[in-house]
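Just so you know, residue 1 is the first one in the sequence shown, and it goes up from there. Basis for what follows: all heavy atoms, side chains included, without hydrogens, waters or symmetry-related copies.
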Amino acid sequence: MAKKVVIELVDDIDRTPLGDDGEHIVFAVDGVDYEIDLGPNNAAEFRRTLAPYLEHATRVSSPARSTARRRTTTESTGRRRRSPESARALRDWAAGAGYTLSPRGRIPAEVQQAYEAAHA
C-alpha cells in the first residue's frame, strides 16, 4: 500500500495556498516575538500598515537578545536553520518517502520529524 502525504503551506490570514511566493515574517511588539506566514498581497498590506510606525521608530539590535531569541526558538520549537546541503538531503529523502515539498522555503515540522526519526 502506498501512502502520499501532501503538506500545503497557507496564508495565516486568508488561508490561501502560499506556493513559492509566500513569506515567513518575524516581528516583535512589546517584547513579544511573533511569526506569521503571508502571501504576497497580505505581506504587502502588513508592510503598508506598519510603514508609518517604522518611519518614526529606531531600529534596535542587541546581540544578547538575538542569541537568546535563537536559543529559545530552537529549544521551544526544535526549528533551526539548516545548511543548504542538509536541507537538500532532507528534501531528497522526503521525495523518496512520498512527501511533496516545494523546492525552496520552510520544510514542515512533521517532515523534519519523520526525517529525524528515520535517521535516528
Table please: side-chain donor-acceptor pairs of residues 87-97 below 3.5 Å, with sequence neighbours left out.
unit_1: R91; atom_1: NH1; unit_2: S102; atom_2: O; d: 2.6
unit_1: R91; atom_1: NH2; unit_2: G105; atom_2: O; d: 2.6

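Using modelled atom types, no side-chain atom of D12 and backbone atom of I36 make a donor-acceptor pair closer than 3.5 Å. The closest donor-acceptor contact from the side chain of D14 to the backbone of T16 lies under 3.5 Å. For the pair E8 (side chain) and P17 (backbone), a donor-acceptor distance under 3.5 Å is absent.
One hydrophobic cluster, built from ILVMFWY side chains closer than 4.5 Å, holds both I25 and V29.
Between R47 and E23 there is a salt bridge, with a side-chain nitrogen of the basic residue lying less than 4.0 Å from a carboxylate oxygen of the acidic one.
Here N42 contributes atom CG and I13 contributes atom CD1; the two are 6.0 Å apart, rounded to the nearest 0.5 Å. Note: Q113 CD to E116 CD = 7.5 Å, rounded to the nearest 0.5 Å. Of the inter-residue distances, the one linking E55 atom CD with L50 atom CG reads 11.0 Å to the nearest 0.5 angstrom.
Not counting sequence neighbours, R59 has no partner by the salt bridge (charged side-chain N to carboxylate O under 4.0 Å, His left out) test. The ring-ring contact (aromatic ring centres under 6.0 Å, His included) check on F46 picks up F27, with sequence neighbours excluded. The side-chain contact (heavy atoms from CB on, under 4.5 Å) test applied to K3 returns V5, not counting sequence neighbours.
The two residues P40 and D21 have their closest heavy-atom pair at CG-OD2, 3.5 Å. The two residues V26 and E35 make their nearest non-hydrogen contact at CG2-CG, 3.9 Å. Scanning all heavy atoms of the two residues, the minimum distance from D37 to V10 falls at CB-O, 4.1 Å.
Residue M1 belongs to no hydrophobic cluster, having no ILVMFWY side-chain heavy atom closer than 4.5 Å to its own. Taking a 4.5 Å side-chain heavy-atom cut-off between Ile, Leu, Val, Met, Phe, Trp and Tyr, the cluster of L9 extends to L18.
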